[in-house]
Structure formats: C-alpha cells, structure tokens
Amino acid sequence: AQTIKASGTVMVTMESNDNLDLISEFYKNELLANVWTITAETQSQVNSGMMGAKGLKSVIVNIGMGGSGKSIIGLILAPKQ
C-alpha cells in the first residue's frame, strides 16, 4: 500500500487478490453504511469505480486489473469542491 497526503487530500493505492465485483461491493456497502452518498458509479470488465460525498468531503474509489491477476484499488479522499 502507498499513501500520499497533499493539501487536505489523501490518496491510497493497494493490491488485492479479490475480484473487481467483490471489492466494488465491499466499498459500496462501507460507504453506504457510513452515511456517504454515492454520486456516480461505473463498471466494465476491467475497471470499476464510484464517487461519493459526505459533508465537506468527497471520495473516489477506482478498482482495476493489475499485474499477476491482482486487483489494484485506488482511494482518494479530498475536500469537496
């Protein structure tokens, strides 16, 4: 995992052995359970993503296929624009 912080924005990149659908479902359920509003969703065979908002914050979740059959998860938490 890699974490970068800049100007109130936090970006995290991780790898997982789980498939895109399972990871996407996990993050969607977690966002909804923590009272985030999902504002956009996209999905294809090789990529899945969603955007959300809560109060003064926004979140972007991006999941894609990485090397060696692993999934790459990118999370960005930023002040709402």
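This is a predicted model, so every value here is computed, not measured.
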Point to revise | Same cluster (ILVMFWY, side-chain, under 4.5 Å), Ile72 and Leu75 | key: no
Point to revise | Val35 reachable from Ile60 in the ILVMFWY side-chain graph, under 4.5 Å edges | key: no
Review point. Ile23 and Met65: same hydrophobic cluster, using ILVMFWY side-chain contacts below 4.5 Å?
Key: yes
Review point. Got a second to check how far Ser58's OG is from Leu77's CG, nearest 0.5 Å?
Key: 7.0 Å
**Study point:** Pairs satisfying salt bridge (Lys or Arg N to Asp or Glu O under 4.0 Å), at least one member in residues 40-53, at least two apart
**Key:** Lys28-Glu41
**Study point:** Heavy-atom side-chain contact between Val59 and Leu31 under 4.5 Å
**Key:** yes
Check your understanding: For Leu20 and Val46, which heavy atoms make the closest approach, and how far apart are they?
Key -> CD1-C, 3.5 Å
Practice item. Would you check if the side chain of Ser16 reaches a backbone N or O of Asp18 as a donor-acceptor pair within less than 3.5 Å? Key: yes
Point to revise | Point-to-point distance, once rounded to the nearest 0.5 Å, from CE of Met51 to OG1 of Thr37 | key: 13.0 Å
Practice item. Indicate the atoms forming the closest heavy-atom contact of Thr39 with Gly52, along with that distance. Key: OG1-N, 3.9 Å
Review point. Is there any side chain to side chain donor-acceptor pair (under 3.5 Å) pair reaching into residues 48-57, and which pairs are they, with sequence neighbours excluded?
Key: Ser24-Ser48
**Study point:** Euclidean distance, Asn62 CG relative to Asn47 CG, rounded to 0.5 Å
**Key:** 4.5 Å
Point to revise | In one Ile/Leu/Val/Met/Phe/Trp/Tyr side-chain cluster, 4.5 Å: Leu32, Met50 | key: yes
Review point. Going from CG on Asn29 to OH on Tyr27, what distance comes out if it is rounded to the nearest 0.5 angstrom?
Key: 12.5 Å
Exercise for review: Indicate if Val12 and Phe26 have the same hydrophobic cluster label, given that clusters are the connected sets of ILVMFWY residues with side-chain heavy-atom separations under 4.5 angstrom.
Suggested key: yes
